[in-house]
Amino acid sequence: MKIIMLGAPGAGKGTQAIMIAEKYGIPHVSTGDIFRANIKNGTELGKEAKKYMDQGLLVPDELTVRILLDRVGQEDCRNGYVLDGFPRTIPQAEVLDQELGKLGDAIDVAIDVDVPDESIIKRMSGRRACLSCGATYHVEHVPPKKEGICDHCGQPLVLREDDKPETVRNRLKVYHDQTQPLIDYYDAKGILKVVDGTQEMNQVFEAIMKILEK
Ligand code: ADP
Ligand code: ADP
Ligand code: ZN
């Protein structure tokens, strides 16, 4: 099964993608996590990506597509994956479709986790991230068992550089301009499903399970 998670920054895509990946035993592929891992390791790719990420801008399509295709071409992605944060532009979606098409393959479903902008700003200030395994928490809504420590891997949690309110506002603008058109793109292909992302995270997950188990 090949699944795309759509939604604004902070809508809960990553949270749900991790649960889906666990349930179906498929990899969770997050371009944001790949970029952050590269920044942490000081690679050239990381240096390039950081220039854009710190301003809340998108990393150029060419670079992003190359990284993503490389990742989904790996052995563990053969039976499917859940894409979180990719595609974010129409050209990215088109390249993905073309590349899958060459293999006689296609995306099965695009799930839009719908959350209004007002709720997003609040969520982001409370978000804490694990840069080691990609898990995210929220100081009020999704606290880790031990304060400041990742439940999954025991590493310290951080407030992401780009989760400051000014940058979040930029990211929301970029989302509406460049990423939201993907909702119509996948709707036109007949594979769009929308879930109400303002619900409690387990309820969102149940709504997603209903969609995937149809
Ligand atoms: P969020 O989880 O808040 O939606 P991500 O971790 O997905 O954020 O992305 C963080 C940043 O990484 C983005 O603001 C952007 O700069 C960059 N990025 C991630 N995925 C992509 C992509 N598909 N295209 C371009 N830039 C991306
Ligand atoms: P995205 O990957 O779309 O940027 P995340 O999954 O990182 O979003 O979630 C953003 C923030 O909101 C995190 O702090 C996360 O713990 C929290 N969160 C996720 N789902 C919910 C929910 N259903 N209700 C409240 N907070 C949530
Ligand atoms: Zn972790």
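Numbering of ligands and ligand atoms starts at 1, following listing order. All values derive from a computational prediction rather than experimental measurement.
When only interatomic distances are considered, the shortest N/O to N/O separation between Arg171 and ligand 1 falls below 3.5 Å. Considering backbone and side-chain atoms together, Gly56 places no N or O closer than 3.5 Å to any N or O of ligand 1. Among the atoms of Gly85, some N or O lies under 3.5 angstrom from an N or O of ligand 1. At a 3.5 angstrom cut-off on N or O pairs, Gln92 counts as close to ligand 1. Considering backbone and side-chain N/O of Asp162, none are found under 3.5 Å from N/O of ligand 1. Some N or O of Ala11 is nearer than 3.5 Å to an N or O of ligand 2, by distance alone. Polar contact with ligand 1: absent for Phe35 (N/O pair, distance under 3.5 Å). When only interatomic distances are considered, the shortest N/O to N/O separation between Arg88 and ligand 1 falls below 3.5 Å. In terms of polar-atom proximity, defined here as any N/O pair under 3.5 Å, Ser30 makes no such contact with ligand 1.
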Margin query: For Asp61 and Thr89: C-alpha separation, side-chain torsions, deciding distance, then whether side chain to side chain donor-acceptor pair (under 3.5 Å) applies.
Written below: CA-CA 8 Å; Asp61 284 342; Thr89 65; 3.0 Å; yes

Next item on the list: Tell me, with the steps shown, if Thr198 and Asp196 meet side chain to side chain donor-acceptor pair (under 3.5 Å).
Entry: CA-CA 6 Å; Thr198 63; Asp196 174 5; 2.6 Å; yes

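Of the candidates Ile111, Val195, Val115, Val195 is the only one forming a side chain to side chain contact (heavy atoms under 4.5 Å, CB included) with Val204.
Nearest protein heavy-atom neighbour of atom 12 (O) of ligand 1: Met53 CE, 3.4 Å. Regarding atom 10 (C) of ligand 2, its nearest protein heavy-atom neighbour is Gly10 O, 3.5 Å. If you check which protein heavy atom lies closest to atom 26 (N) of ligand 1, you get Val59 N, 3.0 Å. Protein heavy atom closest to atom 16 (O) of ligand 2, with residue, atom name and distance, is Tyr137 C, 3.1 Å. For atom 2 (O) of ligand 2, the closest non-hydrogen atom on the protein side is Gly14 N, 2.8 Å. Residue, atom and distance of the protein heavy atom nearest to atom 22 (C) of ligand 2 are Arg123 NH2, 3.6 Å. Of all protein heavy atoms, the one lying nearest to atom 20 (N) of ligand 1 is Thr31 OG1, 2.8 Å. Nearest non-hydrogen protein atom to atom 8 (O) of ligand 2 is Gly12 N, 3.1 Å. Looking only at heavy atoms of the protein, atom 17 (C) of ligand 2 is closest to His138 CB, 4.0 Å. Ranking the protein heavy atoms by distance from atom 7 (O) of ligand 2 puts Arg127 NH1, 2.6 Å first.
Taking both residues in full, the closest heavy atoms of Leu69 and Glu99 are given as CD1-CG, 3.6 Å, listed atom of the first, atom of the second, then distance. Between Gln155 and Ser132, the shortest heavy-atom contact is CG-OG, 3.2 Å.
Residues Glu206 and Gln199 are not in side-chain contact: their nearest non-hydrogen atoms beyond the backbone lie 4.5 Å or more apart. Side-chain contact between Tyr137 and Asp151 is present, with heavy atoms from C-beta onward closer than 4.5 Å. Side-chain contact between Val82 and Met5: present, with at least one pair of heavy atoms (C-beta onward) separated by less than 4.5 Å.
Here is the list of ligand 2 atoms found below 4.0 Å of a heavy atom in Val142: 16 (O). Short contacts between ligand 1 and Lys13, defined as distances under 4.0 Å to a heavy atom of the residue, involve ligand atoms 4 (O). Atoms of ligand 2 lying under 4.0 Å from at least one heavy atom of Ala8, given by number and element, are 3 (O). Within ligand 2, counting atoms from 1 as listed, the ones closer than 4.0 Å to a heavy atom of His141 are 25 (C), 26 (N). Short contacts between ligand 1 and Thr64, defined as distances under 4.0 Å to a heavy atom of the residue, involve ligand atoms 22 (C), 23 (N), 24 (N), 25 (C). Under a 4.0 Å criterion applied to the non-hydrogen atoms of Leu57, ligand 1 contributes the atoms 15 (C), 16 (O). Close contacts between ligand 2 and Glu200 involve ligand atoms 23 (N) [criterion: under 4.0 Å to a heavy atom]. Residue-ligand proximity, Pro9 to ligand 2, at heavy-atom distances under 4.0 Å covers atoms 4 (O). Applying the 4.0 Å criterion to heavy atoms of Thr136 picks out, from ligand 2, the atoms 5 (P), 6 (O), 7 (O).
Phe35 and Ile18 fall into different hydrophobic clusters, defined by Ile, Leu, Val, Met, Phe, Trp and Tyr side-chain heavy atoms under 4.5 Å apart, directly or through other members. Leu192 is connected to Tyr185 through a chain of hydrophobic side-chain contacts under 4.5 Å among Ile, Leu, Val, Met, Phe, Trp and Tyr, so both are in one cluster. Phe205 and Ile4 are members of different hydrophobic clusters when ILVMFWY side chains are connected at heavy-atom separations under 4.5 Å. Val29 and Val95 end up in the same hydrophobic cluster when Ile, Leu, Val, Met, Phe, Trp and Tyr side chains are linked at under 4.5 Å.
Only the backbone of Gln199 comes within 4.0 Å of ligand 2, judged by heavy-atom distances. Residue-level proximity to ligand 1 for Arg160 is carried by the side chain, the only part with a heavy atom below 4.0 angstrom.
With salt bridges taken as basic N to acidic carboxylate O contacts below 4.0 Å, none links Asp70 and Arg66. Look at Asp163 and Arg171 and you find a salt bridge, because one of the NZ, NE, NH1 or NH2 atoms lies within 4.0 Å of a carboxylate O, short of that distance. Checked for salt-bridge contact, Lys210 and Glu213 miss the test: no charged N lies under 4.0 Å from a carboxylate O. Salt bridge present: Asp76 and Arg71 bring a charged side-chain N and a carboxylate O closer than 4.0 Å. Salt bridge status for Asp112 with Lys193: absent, with no side-chain N to carboxylate O gap under 4.0 Å.
Side chains of Tyr175 and Asn170: a donor-acceptor N/O pair is absent below 3.5 angstrom, by distance only.
Among the atoms of His152, none of the N, O or S atoms falls under 2.8 Å from the Zn ion (ligand 3).
If you put the vertex on the Zn ion (ligand 3), SG of Cys153 and SG of Cys130 sit 100° apart, to the nearest 10°.
Taking the centre and axis of the six-membered ring of Tyr52, the NZ or CZ atom of Lys50 falls outside the cone set by 45° and 6.0 Å.
Taking only non-hydrogen atoms, the option from Val115, Asn202, Thr15 nearest to atom 6 (O) of ligand 2 is Thr15.
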